[in-house]
> 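Here's a structure for you.
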Amino acid sequence: MCENLHTYKYLHRRCCDREVIVKAWMKLRKGKTQRKEVIKIEADFEYYVDKMQRMITETRPGGDPELQFWPEKHKPRTVFEHGKEREIFCPTIWEQWVHHIVIQVLSPIVMRYAYRYSCGSMPGRGGVYGKRYLERLASRGFKYFAKLDIRHFFKSVRQDVVIRMLEELICDEWFIYLIRRIFWQFPKSLPLGFYPSQWLANFVLWHLDRRIVASLPEGSGYIRYVDDLVITGNNKRLLHRVVDIIKQELGKIRLRLKDNYQIARFIYRRKGGTLIGRAIDYMGFVFLRRKTILRKKIMIRATRFAGKLSRTKKIARRQALSMMSRLGWFKHTDTRIVWDTYIEPRVNVNQLKAIIRRRTAGHEDTMDKRAGLWAAAGTL
(Lines give C-alpha, C1' and ligand atoms only; values in the text may rest on other atoms or scores of the structure.)
Protein backbone atom coordinates (compact mmCIF):
# COMPACT_ATOMS: atom_id res chain seq x y z
CA MET A 1 0.00 0.00 0.00
CA CYS A 2 2.72 2.46 0.98
CA GLU A 3 4.21 2.82 -2.46
CA ASN A 4 1.01 4.30 -3.89
CA LEU A 5 0.24 8.04 -3.95
CA HIS A 6 1.97 10.36 -1.49
CA THR A 7 2.69 8.69 1.84
CA TYR A 8 2.90 10.22 5.31
CA LYS A 9 5.14 9.10 8.16
CA TYR A 10 5.91 10.05 11.78
CA LEU A 11 2.35 11.23 12.47
CA HIS A 12 2.29 9.63 15.92
CA ARG A 13 5.42 11.59 16.78
CA ARG A 14 3.61 14.79 15.78
CA CYS A 15 0.67 13.87 18.04
CA CYS A 16 3.14 13.82 20.94
CA ASP A 17 4.38 17.32 20.08
CA ARG A 18 3.56 19.77 22.85
CA GLU A 19 2.61 22.48 20.36
CA VAL A 20 0.04 20.20 18.69
CA ILE A 21 -1.42 19.23 22.08
CA VAL A 22 -1.87 22.87 23.14
CA LYS A 23 -3.34 23.93 19.79
CA ALA A 24 -5.81 21.05 19.97
CA TRP A 25 -6.90 22.22 23.42
CA MET A 26 -7.33 25.83 22.27
CA LYS A 27 -9.68 24.61 19.54
CA LEU A 28 -11.53 22.17 21.81
CA ARG A 29 -12.25 24.71 24.56
CA LYS A 30 -14.23 27.11 22.32
CA GLY A 31 -17.78 27.29 23.61
CA LYS A 32 -16.95 25.07 26.62
CA THR A 33 -15.17 27.51 28.92
CA GLN A 34 -17.86 27.31 31.63
CA ARG A 35 -17.73 23.52 31.98
CA LYS A 36 -16.28 22.18 35.23
CA GLU A 37 -13.90 19.77 33.48
CA VAL A 38 -12.47 22.58 31.34
CA ILE A 39 -11.99 24.88 34.33
CA LYS A 40 -10.26 22.05 36.23
CA ILE A 41 -7.79 21.36 33.39
CA GLU A 42 -7.02 25.04 32.84
CA ALA A 43 -6.36 25.56 36.55
CA ASP A 44 -3.28 23.30 36.24
CA PHE A 45 -2.77 23.30 32.49
CA GLU A 46 0.95 22.44 32.38
CA TYR A 47 0.38 19.30 34.45
CA TYR A 48 -2.40 18.07 32.16
CA VAL A 49 -0.39 18.81 29.00
CA ASP A 50 2.44 16.68 30.39
CA LYS A 51 -0.03 13.94 31.30
CA MET A 52 -1.56 13.97 27.81
CA GLN A 53 1.88 13.88 26.20
CA ARG A 54 2.89 10.81 28.26
CA MET A 55 -0.38 9.05 27.52
CA ILE A 56 -0.18 9.47 23.75
CA THR A 57 3.48 8.45 23.76
CA GLU A 58 2.53 5.16 25.46
CA THR A 59 -0.51 4.55 23.21
CA ARG A 60 1.34 2.34 20.74
CA PRO A 61 2.07 -1.35 20.25
CA GLY A 62 4.16 -2.46 23.22
CA GLY A 63 3.36 0.65 25.28
CA ASP A 64 2.55 0.51 28.99
CA PRO A 65 -1.15 -0.58 29.19
CA GLU A 66 -1.65 1.38 32.41
CA LEU A 67 -0.50 4.64 30.82
CA GLN A 68 -2.18 4.19 27.41
CA PHE A 69 -5.32 5.99 26.27
CA TRP A 70 -8.41 3.91 27.01
CA PRO A 71 -11.79 5.47 26.10
CA GLU A 72 -14.68 5.00 28.47
CA LYS A 73 -17.72 2.95 27.48
CA HIS A 74 -20.51 5.24 26.34
CA LYS A 75 -24.25 4.68 26.17
CA PRO A 76 -25.96 6.36 23.22
CA ARG A 77 -28.31 9.27 23.69
CA THR A 78 -31.24 9.33 21.29
CA VAL A 79 -32.08 12.66 19.67
CA PHE A 80 -34.60 13.64 17.01
CA GLU A 81 -33.18 15.89 14.31
CA HIS A 82 -34.92 16.97 11.09
CA GLY A 83 -37.50 14.23 11.54
CA LYS A 84 -34.87 11.50 12.04
CA GLU A 85 -33.95 9.51 15.11
CA ARG A 86 -30.20 9.49 15.77
CA GLU A 87 -27.96 7.92 18.39
CA ILE A 88 -25.38 10.37 19.71
CA PHE A 89 -22.37 9.42 21.83
CA CYS A 90 -20.90 12.02 24.18
CA PRO A 91 -17.16 11.52 24.88
CA THR A 92 -15.55 13.07 27.95
CA ILE A 93 -13.44 16.24 27.71
CA TRP A 94 -10.28 14.15 28.06
CA GLU A 95 -11.35 11.92 25.15
CA GLN A 96 -12.30 14.95 23.07
CA TRP A 97 -8.81 16.35 23.63
CA VAL A 98 -7.30 13.16 22.16
CA HIS A 99 -9.73 13.39 19.22
CA HIS A 100 -8.68 16.98 18.48
CA ILE A 101 -4.98 16.07 18.69
CA VAL A 102 -5.44 13.31 16.11
CA ILE A 103 -7.44 15.56 13.78
CA GLN A 104 -4.88 18.36 14.20
CA VAL A 105 -2.44 15.99 12.48
CA LEU A 106 -4.84 14.14 10.16
CA SER A 107 -6.94 17.04 8.81
CA PRO A 108 -4.32 18.42 6.36
CA ILE A 109 -4.12 14.96 4.73
CA VAL A 110 -7.93 14.69 4.43
CA MET A 111 -8.14 18.23 3.02
CA ARG A 112 -5.46 17.50 0.44
CA TYR A 113 -7.36 14.55 -1.04
CA ALA A 114 -10.92 15.80 -0.50
CA TYR A 115 -13.01 16.77 -3.51
CA ARG A 116 -13.28 20.53 -3.87
CA TYR A 117 -17.06 20.53 -3.34
CA SER A 118 -17.37 17.90 -0.63
CA CYS A 119 -19.00 20.07 2.03
CA GLY A 120 -19.83 19.81 5.70
CA SER A 121 -17.62 19.02 8.70
CA MET A 122 -14.56 20.71 7.19
CA PRO A 123 -13.36 24.29 7.82
CA GLY A 124 -14.58 26.76 5.22
CA ARG A 125 -16.87 24.20 3.60
CA GLY A 126 -20.19 24.55 5.36
CA GLY A 127 -23.68 24.83 3.94
CA VAL A 128 -23.15 28.38 2.65
CA TYR A 129 -20.06 27.26 0.69
CA GLY A 130 -22.08 24.48 -0.97
CA LYS A 131 -25.05 26.78 -1.52
CA ARG A 132 -22.97 29.27 -3.51
CA TYR A 133 -21.64 26.52 -5.78
CA LEU A 134 -25.11 25.13 -6.46
CA GLU A 135 -26.40 28.64 -7.19
CA ARG A 136 -23.59 29.08 -9.74
CA LEU A 137 -24.60 25.83 -11.41
CA ALA A 138 -28.24 26.98 -11.51
CA SER A 139 -27.26 30.33 -13.04
CA ARG A 140 -25.37 28.54 -15.86
CA GLY A 141 -28.45 26.47 -16.56
CA PHE A 142 -29.01 22.71 -16.41
CA LYS A 143 -32.07 20.63 -17.22
CA TYR A 144 -31.90 17.69 -14.83
CA PHE A 145 -30.57 16.81 -11.41
CA ALA A 146 -30.05 13.65 -9.40
CA LYS A 147 -30.42 13.79 -5.61
CA LEU A 148 -29.11 10.80 -3.68
CA ASP A 149 -28.47 9.78 -0.08
CA ILE A 150 -26.29 7.00 1.34
CA ARG A 151 -28.26 4.60 3.54
CA HIS A 152 -27.39 4.66 7.28
CA PHE A 153 -24.05 6.24 6.42
CA PHE A 154 -22.35 6.64 9.81
CA LYS A 155 -23.73 3.34 11.10
CA SER A 156 -22.62 1.48 7.96
CA VAL A 157 -19.00 2.70 7.60
CA ARG A 158 -16.81 -0.17 8.79
CA GLN A 159 -13.62 0.45 10.71
CA ASP A 160 -11.63 -2.04 8.59
CA VAL A 161 -12.59 -0.10 5.43
CA VAL A 162 -11.53 3.21 7.00
CA ILE A 163 -8.21 1.76 8.18
CA ARG A 164 -7.51 0.19 4.79
CA MET A 165 -8.01 3.55 3.07
CA LEU A 166 -5.88 5.36 5.65
CA GLU A 167 -3.08 2.85 5.09
CA GLU A 168 -3.03 3.79 1.39
CA LEU A 169 -1.62 7.15 2.45
CA ILE A 170 -0.19 6.69 5.95
CA CYS A 171 2.84 4.55 6.77
CA ASP A 172 2.77 4.93 10.54
CA GLU A 173 1.66 1.86 12.48
CA TRP A 174 1.55 3.75 15.77
CA PHE A 175 -0.74 6.49 14.42
CA ILE A 176 -3.13 3.88 12.98
CA TYR A 177 -3.02 2.13 16.36
CA LEU A 178 -4.10 5.38 18.06
CA ILE A 179 -7.04 5.79 15.67
CA ARG A 180 -8.10 2.19 16.29
CA ARG A 181 -8.00 2.86 20.03
CA ILE A 182 -10.35 5.85 19.65
CA PHE A 183 -12.94 3.63 17.92
CA TRP A 184 -12.28 0.39 19.80
CA GLN A 185 -15.96 0.15 20.84
CA PHE A 186 -17.26 0.75 17.32
CA PRO A 187 -15.76 -1.79 14.86
CA LYS A 188 -18.73 -1.53 12.49
CA SER A 189 -19.59 2.17 12.52
CA LEU A 190 -18.49 5.75 12.98
CA PRO A 191 -20.16 7.05 16.17
CA LEU A 192 -22.01 10.34 15.86
CA GLY A 193 -20.64 12.79 18.41
CA PHE A 194 -17.00 11.79 17.96
CA TYR A 195 -15.01 14.59 16.30
CA PRO A 196 -12.90 12.25 14.11
CA SER A 197 -16.05 10.60 12.72
CA GLN A 198 -17.01 13.59 10.57
CA TRP A 199 -13.49 13.83 9.12
CA LEU A 200 -13.21 10.13 8.38
CA ALA A 201 -16.72 10.12 6.88
CA ASN A 202 -15.55 12.63 4.28
CA PHE A 203 -12.27 10.80 3.78
CA VAL A 204 -13.85 7.39 3.12
CA LEU A 205 -15.70 8.80 0.08
CA TRP A 206 -12.76 10.47 -1.67
CA HIS A 207 -12.39 7.63 -4.23
CA LEU A 208 -16.12 7.88 -4.98
CA ASP A 209 -15.88 11.65 -5.51
CA ARG A 210 -13.05 11.26 -8.02
CA ARG A 211 -14.88 8.53 -9.92
CA ILE A 212 -18.04 10.67 -10.21
CA VAL A 213 -16.13 13.74 -11.41
CA ALA A 214 -14.26 11.65 -13.99
CA SER A 215 -17.54 10.27 -15.38
CA LEU A 216 -19.24 13.65 -15.84
CA PRO A 217 -18.97 15.65 -19.09
CA GLU A 218 -18.13 19.34 -19.19
CA GLY A 219 -21.04 21.49 -18.10
CA SER A 220 -22.27 19.03 -15.48
CA GLY A 221 -21.86 19.60 -11.75
CA TYR A 222 -21.45 17.55 -8.60
CA ILE A 223 -21.66 18.46 -4.93
CA ARG A 224 -21.65 16.29 -1.80
CA TYR A 225 -22.74 17.34 1.68
CA VAL A 226 -21.42 14.48 3.88
CA ASP A 227 -23.67 11.62 2.65
CA ASP A 228 -26.09 13.65 0.49
CA LEU A 229 -25.18 13.95 -3.18
CA VAL A 230 -26.51 16.20 -5.94
CA ILE A 231 -25.45 15.82 -9.58
CA THR A 232 -26.60 18.19 -12.33
CA GLY A 233 -26.56 17.83 -16.11
CA ASN A 234 -28.48 18.11 -19.37
CA ASN A 235 -28.69 14.39 -20.17
CA LYS A 236 -31.07 12.28 -18.10
CA ARG A 237 -29.65 8.98 -19.37
CA LEU A 238 -26.15 10.04 -18.36
CA LEU A 239 -27.37 10.76 -14.81
CA HIS A 240 -28.83 7.25 -14.64
CA ARG A 241 -25.46 5.82 -15.73
CA VAL A 242 -23.67 7.88 -13.07
CA VAL A 243 -26.06 6.53 -10.43
CA ASP A 244 -25.11 2.98 -11.50
CA ILE A 245 -21.41 3.91 -11.13
CA ILE A 246 -22.10 5.28 -7.64
CA LYS A 247 -23.79 2.03 -6.64
CA GLN A 248 -20.76 0.04 -7.84
CA GLU A 249 -18.27 2.27 -6.02
CA LEU A 250 -20.26 2.25 -2.78
CA GLY A 251 -20.42 -1.54 -2.96
CA LYS A 252 -16.61 -1.66 -2.83
CA ILE A 253 -16.66 0.03 0.59
CA ARG A 254 -19.76 -1.87 1.80
CA LEU A 255 -22.20 1.02 1.53
CA ARG A 256 -25.33 1.48 -0.54
CA LEU A 257 -27.74 4.17 -1.67
CA LYS A 258 -31.19 4.71 -0.27
CA ASP A 259 -33.87 3.48 -2.66
CA ASN A 260 -35.70 6.82 -2.68
CA TYR A 261 -33.16 8.71 -4.80
CA GLN A 262 -34.63 10.96 -7.49
CA ILE A 263 -33.67 12.06 -10.99
CA ALA A 264 -35.90 14.94 -12.02
CA ARG A 265 -36.34 17.96 -14.26
CA PHE A 266 -35.10 21.12 -12.58
CA ILE A 267 -37.83 23.69 -12.06
CA TYR A 268 -38.47 26.20 -14.86
CA ARG A 269 -41.26 28.47 -16.07
CA ARG A 270 -43.13 27.87 -19.33
CA LYS A 271 -44.06 30.71 -21.63
CA GLY A 272 -47.56 30.73 -20.17
CA GLY A 273 -46.15 31.23 -16.68
CA THR A 274 -46.70 27.68 -15.38
CA LEU A 275 -43.91 26.23 -13.25
CA ILE A 276 -42.72 22.79 -14.38
CA GLY A 277 -40.29 20.40 -12.66
CA ARG A 278 -38.90 20.34 -9.13
CA ALA A 279 -36.82 22.63 -6.97
CA ILE A 280 -33.76 21.15 -5.22
CA ASP A 281 -34.31 20.77 -1.48
CA TYR A 282 -30.77 20.46 -0.17
CA MET A 283 -28.67 21.43 2.90
CA GLY A 284 -31.65 23.21 4.47
CA PHE A 285 -32.22 25.39 1.38
CA VAL A 286 -34.66 25.20 -1.52
CA PHE A 287 -32.94 26.11 -4.81
CA LEU A 288 -34.94 27.66 -7.64
CA ARG A 289 -33.66 29.05 -10.93
CA ARG A 290 -33.02 32.60 -9.76
CA LYS A 291 -33.40 32.54 -6.00
CA THR A 292 -32.79 30.43 -2.91
CA ILE A 293 -35.19 30.22 0.00
CA LEU A 294 -35.18 28.45 3.37
CA ARG A 295 -36.65 25.01 3.82
CA LYS A 296 -40.17 25.45 5.18
CA LYS A 297 -39.57 23.55 8.46
CA ILE A 298 -36.49 25.64 9.29
CA MET A 299 -38.38 28.85 8.53
CA ILE A 300 -41.32 27.89 10.75
CA ARG A 301 -39.09 26.86 13.67
CA ALA A 302 -37.14 30.12 13.44
CA THR A 303 -40.29 32.28 13.47
CA ARG A 304 -41.76 30.34 16.40
CA PHE A 305 -38.54 30.64 18.37
CA ALA A 306 -38.43 34.38 17.66
CA GLY A 307 -41.97 34.66 19.03
CA LYS A 308 -40.96 32.72 22.15
CA LEU A 309 -37.99 35.04 22.78
CA SER A 310 -40.19 38.12 22.42
CA ARG A 311 -42.25 36.83 25.36
CA THR A 312 -39.20 35.92 27.51
CA LYS A 313 -38.25 38.41 30.22
CA LYS A 314 -34.66 37.20 30.68
CA ILE A 315 -32.99 35.56 27.69
CA ALA A 316 -30.39 32.91 28.56
CA ARG A 317 -27.05 32.71 26.72
CA ARG A 318 -28.04 29.33 25.26
CA GLN A 319 -31.21 30.85 23.80
CA ALA A 320 -29.27 33.81 22.39
CA LEU A 321 -26.77 31.48 20.68
CA SER A 322 -29.59 29.35 19.26
CA MET A 323 -31.40 32.38 17.83
CA MET A 324 -28.24 33.84 16.32
CA SER A 325 -27.53 30.56 14.52
CA ARG A 326 -31.06 30.59 13.10
CA LEU A 327 -30.67 34.21 11.95
CA GLY A 328 -27.63 33.15 9.93
CA TRP A 329 -29.91 31.12 7.65
CA PHE A 330 -31.91 34.23 6.72
CA LYS A 331 -28.79 36.23 5.93
CA HIS A 332 -27.93 33.95 3.00
CA THR A 333 -31.40 33.43 1.48
CA ASP A 334 -34.11 35.36 -0.33
CA THR A 335 -36.60 35.39 2.55
CA ARG A 336 -36.91 39.12 3.16
CA ILE A 337 -40.70 39.10 3.62
CA VAL A 338 -40.54 36.51 6.42
CA TRP A 339 -37.67 38.41 8.04
CA ASP A 340 -39.50 41.76 7.94
CA THR A 341 -42.82 40.29 9.15
CA TYR A 342 -41.93 37.67 11.76
CA ILE A 343 -38.27 38.06 12.82
CA GLU A 344 -37.14 41.69 12.91
CA PRO A 345 -40.11 43.01 14.95
CA ARG A 346 -39.57 40.32 17.61
CA VAL A 347 -35.79 39.97 17.90
CA ASN A 348 -33.18 42.54 18.90
CA VAL A 349 -29.95 41.28 17.33
CA ASN A 350 -27.73 43.72 19.24
CA GLN A 351 -29.27 42.57 22.52
CA LEU A 352 -28.56 38.92 21.69
CA LYS A 353 -24.93 39.73 20.83
CA ALA A 354 -24.53 41.65 24.10
CA ILE A 355 -25.85 38.66 26.10
CA ILE A 356 -23.39 36.30 24.43
CA ARG A 357 -20.44 38.67 24.94
CA ARG A 358 -21.29 39.45 28.55
CA ARG A 359 -21.58 35.81 29.66
CA THR A 360 -18.27 34.71 28.14
CA ALA A 361 -16.01 37.76 28.41
CA GLY A 362 -14.60 37.09 31.92
CA HIS A 363 -13.42 33.53 31.40
CA GLU A 364 -12.21 34.19 27.85
CA ASP A 365 -10.00 37.05 29.08
CA THR A 366 -8.45 34.78 31.73
CA MET A 367 -7.66 32.06 29.20
CA ASP A 368 -6.27 34.58 26.67
CA LYS A 369 -3.84 35.79 29.34
CA ARG A 370 -2.77 32.19 30.00
CA ALA A 371 -2.27 31.62 26.28
CA GLY A 372 -0.01 34.67 26.21
CA LEU A 373 2.02 33.28 29.10
CA TRP A 374 2.38 29.89 27.34
CA ALA A 375 3.54 31.62 24.17
CA ALA A 376 6.05 33.75 26.10
CA ALA A 377 7.38 30.64 27.82
CA GLY A 378 7.86 28.92 24.48
CA THR A 379 5.04 26.40 24.97
CA LEU A 380 3.20 27.38 21.78
Side-chain angles (χ1 to χ4, degrees), residues 81-84 115-120 125-153 205 208-209 212-213 215-247 249-250 255-303 326 329-339:
E81 185 180 41
H82 307 306
K84 296 180 181 179
Y115 168 56
R116 184 179 179 184
Y117 296 110
S118 60
C119 310
R125 296 193 185 184
V128 174
Y129 174 83
K131 166 187 166 289
R132 288 170 180 163
Y133 175 61
L134 200 47
E135 285 176 336
R136 288 200 300 272
L137 291 175
S139 66
R140 296 173 195 164
F142 58 85
K143 291 183 179 180
Y144 302 99
F145 70 91
K147 186 172 180 290
L148 314 98
D149 189 6
I150 300 174
R151 186 175 183 272
H152 299 318
F153 181 50
L205 296 176
L208 171 69
D209 292 335
I212 292 173
V213 172
S215 64
L216 291 175
E218 189 176 348
S220 299
Y222 165 55
I223 180 173
R224 176 172 62 79
Y225 190 82
V226 190
D227 61 335
D228 294 328
L229 295 72
V230 167
I231 305 164
T232 66
N234 296 316
N235 188 320
K236 199 171 184 178
R237 288 184 180 179
L238 175 65
L239 291 181
H240 279 286
R241 287 199 296 270
V242 173
V243 171
D244 291 336
I245 290 171
I246 293 171
K247 290 178 179 178
E249 289 297 313
L250 288 177
L255 298 173
R256 65 189 182 94
L257 288 176
K258 283 185 180 178
D259 296 329
N260 64 347
Y261 68 85
Q262 57 178 296
I263 298 176
R265 184 73 159 86
F266 188 41
I267 193 167
Y268 72 101
R269 191 180 297 275
R270 282 183 172 176
K271 289 184 178 179
T274 307
L275 288 174
I276 303 295
R278 296 183 189 177
I280 302 177
D281 188 338
Y282 191 54
M283 300 183 297
F285 304 103
V286 178
F287 296 87
L288 306 170
R289 283 284 175 185
R290 292 181 177 82
K291 67 178 181 178
T292 304
I293 59 176
L294 271 180
R295 184 180 289 164
K296 186 176 179 181
K297 285 184 179 180
I298 295 174
M299 200 182 303
I300 291 172
R301 286 171 184 161
T303 55
R326 295 168 194 266
W329 288 90
F330 287 89
K331 180 180 177 181
H332 299 283
T333 54
D334 303 304
T335 48
R336 190 70 196 180
I337 294 175
V338 175
W339 173 272

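In what follows, every heavy atom counts, from backbone to side chain, and hydrogens, waters and symmetry copies are set aside. Just so it is clear, the model here is predicted, and its values are computed rather than measured.
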> Would you name the heavy atoms of Gly130 and Cys119 that are closest together and state the gap between them?
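Shortest heavy-atom contact: CA-SG, 3.7 Å.
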
> Check Tyr133, Tyr225, Trp329 against Phe285 for a ring-ring contact (aromatic ring centres under 6.0 Å, His included) and give me the one that passes.
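Among Tyr133, Tyr225, Trp329, the one that satisfies the ring-ring contact (aromatic ring centres under 6.0 Å, His included) with Phe285 is Trp329.
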
> Hey, could you give me the CD1/CZ distance between Ile150 and Arg224, rounded to the nearest 0.5 Å?
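Nearest 0.5 Å value for the CD1-CZ distance: 7.0 Å.
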
> Hey, what do you get for OG (Ser215) to CD1 (Ile246), rounding to the nearest 0.5 Å?
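Separation between the atoms: 7.5 Å.
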
> Would the distance check show the side chain of Asp334 and the main-chain N or O of Thr292 forming a donor-acceptor pair, the cut-off being under 3.5 Å?
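The answer is yes, because a donor-acceptor pair under 3.5 Å joins these two groups.
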
> Report the distance from atom NZ of Lys131 to atom CD1 of Ile223, rounding to the nearest 0.5 Å.
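So the gap between those two atoms works out to 11.0 Å.
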
> For Tyr222, is there any backbone N or O sitting under 3.5 Å from a side-chain donor or acceptor partner on Tyr115?
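It does hold such a pair.
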
> Drop me the distance from Tyr129's OH to Arg116's CZ, to the nearest 0.5 angstrom.
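Rounded to the nearest 0.5 Å, the OH-CZ separation comes to 5.5 Å.
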
> Only counting residues at least two apart or in another chain, list the ones meeting side-chain contact (heavy atoms from CB on, under 4.5 Å) with Ile276.
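So Ile276 forms a side-chain contact (heavy atoms from CB on, under 4.5 Å) with Tyr268, Arg270, Thr274.
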
> Side chains of residues 256-263: which donor-acceptor pairs under 3.5 Å do they make with residues two or more places apart or in other chains?
from, atom 1, to, atom 2, distance (Å)
Lys258, NZ, Asp149, OD2, 3.1
Tyr261, OH, Lys247, NZ, 3.4
Gln262, OE1, Arg278, NH1, 2.7

> Show every side chain to side chain donor-acceptor pair (under 3.5 Å) that has at least one partner inside residues 227-238, sequence neighbours left out.
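Passing the test, one end in residues 227-238: no pairs.
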
> Check salt bridge (charged side-chain N to carboxylate O under 4.0 Å, His left out) between Glu249 and all other residues, then give those that pass, not counting sequence neighbours.
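Partners of Glu249 by the salt bridge (charged side-chain N to carboxylate O under 4.0 Å, His left out) criterion, ordered by chain and then number, come out as Arg211, Lys252.
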
> Can you confirm whether Arg241 sits close enough to Leu238 that some side-chain heavy atom of one is under 4.5 Å from a side-chain heavy atom of the other?
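SC-SC contact between Arg241 and Leu238 confirmed.
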
> Who passes side-chain contact (heavy atoms from CB on, under 4.5 Å) against Thr335, sequence neighbours left out?
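If we apply the side-chain contact (heavy atoms from CB on, under 4.5 Å) test to Thr335, skipping adjacent residues, the hits are Ile293, Leu294, Met299, Phe330, Thr333.
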
> Is Leu148 close to Ile231 at the side-chain level, that is, under 4.5 Å between some pair of heavy atoms?
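The answer is yes; the side chains approach within 4.5 Å.
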
> Of all heavy-atom pairs between Arg265 and Phe145, which one has the smallest distance, and what is that distance?
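Looking at all heavy atoms of both residues, the closest pair is O-CE2, 4.0 Å.
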
> For Arg140, give me all partners under side-chain contact (heavy atoms from CB on, under 4.5 Å), at least two apart in sequence or on another chain.
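Result, side-chain contact (heavy atoms from CB on, under 4.5 Å) vs Arg140: Arg136, Leu137.
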
> Apply the test side chain to side chain contact (heavy atoms under 4.5 Å, CB included) to residues Leu255 and Leu208: give CA-CA distance (whole Å), side-chain angles for both, the deciding distance (0.1 Å), then the verdict.
CA-CA 11 Å; Leu255 298 173; Leu208 171 69; over 6 Å; no

> Atom CZ in Arg289, atom CD1 in Ile267: separation rounded to 0.5 Å?
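Going from CZ on Arg289 over to CD1 on Ile267, the span is 9.0 Å.
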
> Heavy atoms, side chains only, cut-off 4.5 Å: are Ile212 and Ile245 in contact?
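When only atoms from C-beta onward are counted, Ile245 and Ile212 do not touch, as no gap falls below 4.5 Å.
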
> Please report the closest heavy-atom contact between Ala279 and Leu288, naming both atoms and the distance.
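For Ala279 versus Leu288, the nearest heavy atoms are CB-CD2, 3.4 Å.
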
> Looking at Tyr282 versus Phe287, is the centre-to-centre ring distance below 6.0 Å?
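Between Tyr282 and Phe287, the centre distance exceeds or equals 6.0 Å.
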
> What are the two closest heavy atoms between Leu216 and Gly221, and how far apart are they?
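Reported closest heavy-atom pair: CD1-O, 4.0 Å.
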
